[in-house]
Each structure stands twice: as C-alpha cells, then as structure tokens.
Amino acid sequence: MSAAVEHNAPEVQPYRTGLNPNLMGLIIFLVSELALFGAFFMYYGHMRFIGKVDYPGAFHIPANETSINTLILVLSSFTAEFALLALLKRHNAGVFFSLLATFILGSIFLGLQVHEYMILGFTPQDTAVGSIFFSLTGLHGLHVFVGLVLLLLAMIRTCTHKWTPEKHTGLLGISVYWHFVDIVWVILFTVVYCLPGTVTAPA
Amino acid sequence: MTTALKPNLARCIWTSALFAVLAMLVAAAVRQILGMDPVVQWSTLVVVAYIFGAVGFIVGIGGFDYWWPWIIGKDIDPHDHSQHGAYSWRDYFKFNTDHKVIGIQYIVFTFIMFLIGGMFAMIFRAELANPGYQVLSDEQYNALISQHGVIMIFVFLVPVFAGIGNYVIPLMLGAPDMAFPRVNAVSFWLLPIASFTLLSSFAFGSFDTGWTGYPTLSEQSPFGGTLFQIGVIIAGSSSIATAVNFLVTIVTMRAPGMTLFRMPLLVWANLATSALVVAATPFVAGAMFMAMFDREMGTNFFTIAGGGSAIAYQHIFWFYSHPAVYIMVLPGFGIISEVIATHSRKPVFGYRAVAFSSAGIAVLGFSVWAHHMFASGMASWLRVPIMISTLLIAIPTGIKIFSWLGTVWDGVVRLTTANLFALGFIIAFTIGGLSGVMLAVVPFDVSITNSYFIVAHFHYVLFGGSILTIFAGFYHWFPKVTGRMYNERLGRLHFWIVFIALNVTFFPMHYQGLMGMPRRVADYAPEFGWSNTLISVASFALGASTLIFVYNMIHSARHGKPAGANPWGGLTLEWLLSSPPPVFNFPVTPRVIGGPYRFGEEGARHAIIPEPEPAETEKVGA
Amino acid sequence: MKNLKVLPLAIIGTVIGAVISVILIVTRTLPMQASEQAANIDYLYIFFLAFSGIIFGIVTLFLLVGVYRFRARPNDQREGKNVHGNTGLEILWTAIPFVIVVACVIGGWYVLAKDDVYAAGEKSGQKIHIIGYQFGWKFDYMNEEIALKEEAELVVPVGQPIAFELTSNDVMHAFWVPDWRFQMSTLPTQTNYASVTPSKIGTFDVVCAYLCGVGHTGMNSAVEGSIIPQVRVVSQADFDKWVAERKAALAQEAEQADQTTTAEAA
C-alpha cells in the first residue's frame, strides 16, 4: 500500500468549535464507563436500598480504614495535576516524579483494596450482596489498574521527552482518566461505605 | 516479509490462537496459585480463551500496529495514511481506516448476518407451518429462535446503521474521515468476532433462553449461554466505540458554515442515536457481565440459592434494551427524511420539529424500560408512570410520521425503489406504532404480553420500520457507493414482494396473539393451524425476495449503467462528489451556505466546493 | 389557506378510517370473556381499534392521494413547492396524538384501578398460591389449607375475586389464562401478587407465556398432547363439595402415609 502513503490527505479546516476531539472522545467514553458503573449501582440500589438485603454473615465493612484509602486516591489526583503544572513550566523531571508519585499512591490504593478483600470475611460467592460488593469495588479496581498501566506509559513518554506544553493531549487524557477513576471512587465510597444503613455493625 | 507477519487475516489466525492459548495457560496458572480446584476447569478456560482470542484477533488484523511506537515512547505520524482507502478488493479484507471502506465492510458483513438470521427464521417457520412437530425438536427450536433474535439485533440491526452512517455521515459533514479512523476500524473488526462467538455457541450446546437471556433460565443453559453473553458484550463494545466516534465527528468535524440546523436529518438522527448508545449500551454489558459471573464464577446476582433477584436483571437489561429499539430505528427515521425529501423534491416539512423529535425520543427512551415488565411482577407503583412516559413517545413519533406526509404533499414524487421503500415504511411503521400505543396501556398489555401480538408488534417496528428504511437507504446511496444505477424494475419487484409478504406474515400474528398463542413455542393449539401455514408461506416469500435484492445489487454494481455524481438531484454534500467518492473525499474543504433541503428554491445550494487554490508546494514531503 | 384544501381530504380520511375501525371492531377476534376484568380490557381494545383505524385511514389516504396527485411524470424536471413547514399544522398534529395519549392514560389507569382487586380478594375470596416449575403448575389453597399435587387441575369458584400469589421453583414462567385476560409471571426469587374474578363456569386453557426451557411448548393446555390440565371454574356449591372431597382425600392419604411409616417403623 505504498501508493496510499504518497497520497497527501487534503488539509482540513472544520467548523470551529474550539473543542479538542481527542479529549471530547475520551470524555464521552468516560460517560459510557460511568453508565457501566451505573448498571452495577442500579443492582446495588435495587438490593440494598429497595430490597433491604443485608451483607452475608457477621462482619463489618471497614469504613474507617477505607477512608484512609480514599484520602490516598484523592491525593493522587492532585499529584496527577502537578504533572501537568510541571509540564507547563517545562520541568520534565517534575512531570516524571509527579507521575511516579501518582503511580505509587495508586498502587498503595490497589494494595489496600486487595488487603481489604482478604480481611472482609466473605467472598463474591457469598450471597447476592457479596457478589455486588466485589463487583463494584472490583470493577473500580480494574479501572485503577488500567490507570496504572496508562501512568506507566506516560512515564515512558516523559523519559523520551514526548510531551511539550503545546502538545500533550495524551498526558491530559491520562490525567482526566485518573480524575474519573477518583470521582467514581468517591461516589462508590459514599454509596457503599458511608450512606446510612450500608454499614453493618460488627457482630 | 511473509504475509503471516503483516497485518492481515492470516496473521489474525495465529495471533488469536496464540493469545487464546497463552491466556488459558495464565488462567490455569492463576488457578493453581490460588489453590482452586480443578486447575483445568474447561468452561473458565474457554471463556478466557474467547476474550483474549478476540484481543489477539484485533492485534492480528493490525489494530495496534499504529499505536506501538506511542506505547514504547516513540513518535507516531498523524499523517500516516498507509491503511487508508481501498485500491483493490483485497483492501476490504484488511484493517482499513477509510470510513467508506469501513462502511462497506459493515454493510456487507451485517447483511450476510441478516441472511443467516433470516435462514434461522425460515427453518423455524417451516416447523411452525403445521401443528405438531415436523422439523425440529424443542431444543433446536429454542436455539434457533434465540440465535435469530440475537443475530438480527446485535450483529445486524444495530451495526448496519453504523455502517450506513459510517459511509454517509462524514461525506454529509464535508469531513475527510471520521474523527478516530483507527477506533472506527477496530469497532468494525469486533463484529466478526462477536458474530463468530454467537454462532459458535451452536458447538457448545447453544443457548435456549431467547435473546433476552433472563436468569434463572440462563443459568441452566449449556455453555453456549456464556458465549451468548460474551458475544453481546463484544458487539456492545463495538457499538459504543462507533457511537463515541460519531458524536465527536458530528460535533467537531462539520464543514465551515454547517450550523446545527443546517445538518441533514440523518446526521441529527445519528447524533441522537449515538448519545443513546453511549449512555445505554453499558447497561446491557453490565447485565451480561453479572449473568456471566453467575454462570462461570459462582456469584449470586440472580440465583435462587444466593438470595439474588431475577427481576433486577430484567430492570438492567431493559434499561438498555428498550433504548436499543430506538437505536435500531432512529437512524432509519433519518434515512427516511433524506430519501423522501430528495425523491419528492420538497424540503422536509418541519425540519426543526423532526430534528427535535429525534432528540425527544432519545431522552424519553430512558424512562420507559419497565413497560417490558408489566407482567413480570415489578414494583406496582412503577406501572402508571412508565405507562405515561411510554405513551408520550407516541407524540414525537407522530410528529415524524405527519411531517413525512407533509413532505410528500405538494412535492413532485418520483416513485423510485428507494422512495417506495420509504413510503411503504410509513404505512408499516404506522401499524407498528399503533399497536405500540395499545401495548403501552398496562391492563391491555398484561392481558396479552408474551403472546404473538408482541411478535407482530415488534416485527412491524423492526422489519416494517428498520429494515424497510435500511433497504431505502441501500437503494438511495447505491449509485453513490458503486457509481452505477441499480435495476429499477427488479428493485420495484423486490419492494412489492417485501411489502405484501411482510404484511401477510406479520399481520395475522396480531390475531393469533389475541386468541392466546404464546410466543417462543414450537407447537400450538390446532385452531392456529391454517393461519400459521399462511404466515410460513408468506415468510418464505419474504426470504426469497432477498435473493432478488442480492442479485440486483451484485449484478448492478458490475454492469449497471453509470450513475454520474448526482442521479437523484440531492443537495447534501455527498452528492457534490463523484460516485464513488475520491479516497480522501473532498479535494478542498467545502463551505455550507444553506439548509440541506432547499428543493424548489431557484438556484439554491446547500454547500459549495471552492475551486482548489493554486498549489502550495511547501507541504510535499512533510 | 392550504389547510382548506386538505380539509375535505381529512374528513374523507376520517370517514374511511372510521369504516376501517368499524370493520376491525366488528371482526375482532377475542377469546371468551370469562372474567369480570375481561370486559373492561376488551372495551379498551375496542377504543384502541377505534382511534387506530382512523389514524391509519388518514395517514394512508393522505399518503396515497399525495403520491398520486403529486406524482412525477416521466422526465419530470419540476421541483416541489418550497414549503418548510406550517406552525399551525405542526401544533395540530402534536395536539391530536397528545389528546389520544391522554385518553389512553385515563382509560388505562381507570381499568387498572378497577381491576386491581387484590386487596379485596385477600379479604373475601380464595387465596391461591401458584408455584411454577419445569414444566407445570402447583396450586396451594391457602384459605382451605389444601396443597394440591403437581399436575393437578386448578379449580376455582365463580363470581368471587381470587387472590393469586405466584412464585416459581426454578425459572421464570408466566401464568396466562387468555379467557380471563389474566397474566402474571412467576419468578423464583420473589412473590408476585395478582387477582382475577372468574365470571363464567367452564374449563379454560392455561398457558405458560414465558419461555422456560425445553418443555415450554408443552406447558400449554391447548397444545395437543399436553399434560397441563385446564383451569375449571365451578359454582360455589360445587366448589365447596370439591373442597370437602379434597380434604377427605388428603386426610385419607395422610392416614395411609402414617400407617406406612408405622409399618416401616415396626
């Protein structure tokens, strides 16, 4: 297909909307991700708030420990933003270390989540509420994991000096994604851990 | 380099096999580490193999080739068009970023799926032709109706509109391509995987739950049930990716001068549809994931033993699957507006009302899901609000029907095949819409839901609605795509057979349903004997008519008389280009100077393509 | 002014539509009205047919007349009239469906409220627990404390509301008696409530309306070879007699069972 390469696509001057298509695409995609979470939240609400089904067995949702975890994830959103600020000052090492800090905070978050799974005392197979608890937090964990991979790629590209203050849609997109993961966690934390009636007292 | 290493279908075979085997090994290793028993659990391993085999397929076809340098921190060339455009027939079997090639890939592929789904229908209509069992067993019958529904909905009706939109919308917008050409190609190549997954379920005991796949029945079905869930998830991801692409394309890539109210109505319809897809499709994916976890991981979302809730599945499922009906019909409305206006030489009557009614249907579409569950035992306070919102949808739909009538009135109606299909659609869709109004009313719905009345209703909407619009679109843009005219005589023959057979097939089903014949049964009370024979015969005619269409399309694409750039005298941008359009669409960015349907206005134009400016030499070799 | 030109046609369309409606209503085929709810639902259906026929008549007439009157001649190069809309007309054809929708909501709501006699049934009539299974129904008479065996027929008294509680042992089924215009699903994970008041004595077909697996086809008493019994509606006196018989039979069975267990124990 060398014939195609020689073709020069004509220059495009679209209608001026002032929108960045890549960023817009990402945000629309994140809306649909939010809808995917919505499906699981719908089930959660159906069971817990309308059906009033309780968690299996005697155990407690570790809301206090998870608050610390929430703080860690919220903090990582700030470090992700520092990367962009550092880039605007053309401080490449600053970008790298901000990303690294975000990566480390995200990893700690994920590690603590796995730890929580281990101490919960019930499994995804234990009743419907056990299933939805693991699915919601697991789906979010999967998104954190994807975010970590993206941060890794961003760090690689920082090392090869691919971001400039003028052209860094990739970095911007990764930070938007990371904020999205953060926001979803805050919603999830509120609904699953904090709303009245969600926490069963330790038996 | 050998062909096995270049991005093509040959590479797909070994990459998907490699990914599948590796994933199975990793899964087995994980099971070993976690101490699960048995380590080799075939159903789990096959699920993993299917999912990662799909990823391997996309890698093999070349979906990630462009992104590799980005991933390892190197530069990518945004002006790399090496995968763009078709220069020989082989390019249609490759990962191609040209929206016109992808459009044709979509249309041809989904049409083949339409034929397969139609074949399934023929087979079980043969069984239903007479009371008693002749051709099929109960298991085979249930498998075939389930496959018929799933194939028609997820790999024909939803994606075929993405195909038509893919071909036409960038042209209508004056854009060189879609906003994300590579995402576009990936979302097409997900479809063959989804279809393969769905059809291969026959080899694993099939699935026998109907296309809805309600638990707890879906927990009982053989391993094919899991493949149904995976297939739907893959098809869903494909349509989400396409919808994101459409939204960004429509918002950011319009030609200068194309304000929102100068957009053709097909663009409006696709805008509304894509918004629906983005917000609704994840719900079906969620429902399928939960049902799949129940089957394969022992979770308890919908199980009896684990205290699950079967009705929760129905809520989540229909929260997508009712909007899905509008996903399957709104783009068709857009096509009808184009076809009727162009072939009746008259502006669309009430352009803004038609555009806003699309948006209105899209918004209302989210509030009506539970009307599928009036007899399912959902919360009783939900019934009346859902009845009201469902009935309200009749208003924007009515606006559209009456606007099309207003468009025909005082026009100069050319009875081309495309226009015949559009006019036939109005009649058939009116019938489907009226029975829809009836079914929205709770007491009536409860008395006949899950009967053949429902089958009649949704076939009038999806066959009489969607499929007639698809044919109208095919005939309308055929000259643009191939550069040749189709055979008008055969086209009309096709229309009349389809239209008559459609009514003979689906209209008697209303009566059967009212008299108490339930849907999804292989046998029925003897009193329905003769009407079923009539329906079966008509459905065979319906199937046979497709052969005329296929012959007409294939023969005319090669031997039809040249069409010229604008055989219909259309005003929208695609008709300003040659037929077929150049590889990069517009040589110069067009300028939109007026509305899209300015028929009957002396010398009126929708857009102009300015003369190319004197060559700028600086760009060469960049 | 254009409106005036189409007004006669609209009237003709309405008349033709009314004729279609009348034909549809006269030739309507519905099962027997065997419950008190059936009549109301059938009135709804007649109302639907009435406006459906008229709308269909108007749409089709305008379409056919429009296509005929404004057809293009061979090699016709004329263009249509450059009309982009007519606010009055558009408001009119938004208002007409709106009126129909309002009528449907009122009618539907009224019938729904009238037919929803579950509470009444709980007070006065029989309370029957329907359990769906693959592939058949099992009925428990909760007032009489009679638990019928699987595959036994449902016998109900005429003229009093019957409150059904529906569940399922395995998958979703739907208990449908077309002659009663009554359908409700049986779900394994919840209990559904519905009621109906049979008004005719006789036997009526029982259909499983929701796909429930390989035996779904046979779960329909109208199909030849089906082992599903029809529902039998009897007079109150016959019902009381039947209840007494069932109770006697049950007592006898229990006795026999006791004897067997004693014999085994001995």
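A note on names: the letters A, B, ... follow the listed sequences, proteins ahead of strands, and every chain is numbered from 1.
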Work out which heavy atom in [X] is nearest to a heavy atom in [Y]; give both atom names and the distance.
| X | Y | answer |
| --- | --- | --- |
| B/V413 | C/G66 | CG2-O, 4.3 Å |
| C/R78 | B/R345 | O-CG, 4.2 Å |
| C/A209 | B/P518 | CA-CB, 4.2 Å |
| B/A353 | C/E90 | CB-OE1, 3.7 Å |
| B/V446 | C/Q183 | O-CB, 3.1 Å |
| B/A394 | C/V101 | CB-CG2, 4.2 Å |

Yes or no on side-chain contact (heavy atoms from CB on, under 4.5 Å) for B/L434 and C/F48, after CA distance, side-chain angles and deciding distance? CA-CA 8 Å; B/L434 288 168; C/F48 295 150; over 6 Å; no
Quick check on the interface: out of [options], who has the most heavy-atom pairs with chain C under 4.5 Å?
| options | value |
| --- | --- |
| B/G516, B/A525, B/P443 | B/P443 |
| B/H510, B/M387, B/E219 | B/M387 |
| B/R352, B/M373, B/R598, B/K346 | B/K346 |
| B/E139, B/E527, B/R519, B/M515 | B/M515 |
| B/G406, B/S403, B/G398 | B/S403 |
| B/A310, B/G595, B/G569 | B/A310 |

Highest number of heavy-atom pairs under 4.5 Å with chain B: which of [options]?
| options | result |
| --- | --- |
| C/V65, C/V67, C/D76, C/I55 | C/V67 |
| C/M172, C/E224, C/H84 | C/H84 |
| C/L30, C/V207, C/N220 | C/L30 |
| C/F47, C/F98, C/F51, C/W109 | C/W109 |
| C/D42, C/L63, C/T60 | C/L63 |
| C/N40, C/I96, C/I41, C/L166 | C/I41 |

Engaged part of [X] at the chain B interface, taking heavy atoms whose separation is under 4.5 Å:
| X | answer |
| --- | --- |
| C/D179 | neither |
| C/R69 | side chain |
| C/L44 | side chain |
| C/N192 | side chain |
| C/L9 | side chain |
| C/C212 | backbone |
| C/W176 | side chain |
| C/P178 | side chain |
| C/L187 | side chain |

Nearest 0.5 Å, please: how far is [atom2] in [Y] from [atom1] in [X]?
| X | Y | atom1 | atom2 | result |
| --- | --- | --- | --- | --- |
| B/L405 | C/W93 | CG | CH2 | 7.5 Å |
| B/D523 | C/S226 | CG | OG | 10.0 Å |
| C/Y210 | B/S376 | OH | OG | 7.5 Å |
| B/I304 | C/N169 | CD1 | CG | 7.5 Å |
| B/F402 | C/L89 | CZ | CG | 10.5 Å |
| B/L217 | C/Q134 | CG | CD | 6.5 Å |

Checking B/N142 side chain against C/G213 main chain: does a donor-acceptor pair fall under 3.5 Å?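 Indeed, once roles are kept as given, a pair shorter than 3.5 Å links the two residues.
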Sub-3.5 Å donor-acceptor pair from the side chain of C/Q190 to the main-chain atoms of B/G377, do we have one?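 At least one qualifying donor-acceptor pair exists.
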Please classify the contact between [X] and chain C as side chain, backbone, both or neither, with a heavy-atom cut-off of under 4.5 Å.
| X | value |
| --- | --- |
| B/E601 | both |
| B/Y452 | neither |
| B/Q314 | side chain |
| B/Y524 | backbone |
| B/M517 | backbone |
| B/F528 | neither |
| B/V408 | both |
| B/I401 | side chain |
| B/F302 | backbone |
| B/T209 | backbone |
| B/Y351 | backbone |

Under the side-chain contact (heavy atoms from CB on, under 4.5 Å) criterion, do B/T216 and C/D170 qualify, and how do the steps go? CA-CA 7 Å; B/T216 47; C/D170 33 48; 5.7 Å; no
Over 60° means perpendicular and under 30° means parallel, so tell me whether C/F70 and B/W409 are parallel, tilted or perpendicular.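 The rings of C/F70 and B/W409 stand perpendicular, inter-plane angle above 60°.
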Kindly indicate whether the side chain of C/T189, heavy atoms from C-beta on, has any atom under 4.5 Å from the side chain of B/I311.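 Side-chain contact under 4.5 Å: no.
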Taking the side chain as every heavy atom from C-beta outward, state whether C/E79 and B/V412 have any atom pair closer than 4.5 Å.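 Not in contact.
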Would you indicate whether [X], at its atom [atom1], is surrounded by more than 12 heavy atoms from other residues, nucleotides or ligands within a distance under 6.0 Å?
| X | atom1 | answer |
| --- | --- | --- |
| C/Y43 | OH | no |
| C/R71 | CZ | yes |
| C/Y110 | OH | no |

I'd like to know whether C/L49 forms a side-chain contact (heavy atoms from CB on, under 4.5 Å) with B/M438, so could you lay out the CA-CA distance, the side-chain angles of the two residues, the decisive distance to 0.1 Å, and finally the verdict. CA-CA 9 Å; C/L49 288 181; B/M438 300 179 187; 4.2 Å; yes
Could you give me the CA-CA distance, side-chain angles and deciding distance for C/T217 and B/D138, then say whether side-chain hydrogen bond (donor to acceptor under 3.5 Å, both in side chains) is met? CA-CA 8 Å; C/T217 301; B/D138 274 315; 3.2 Å; yes
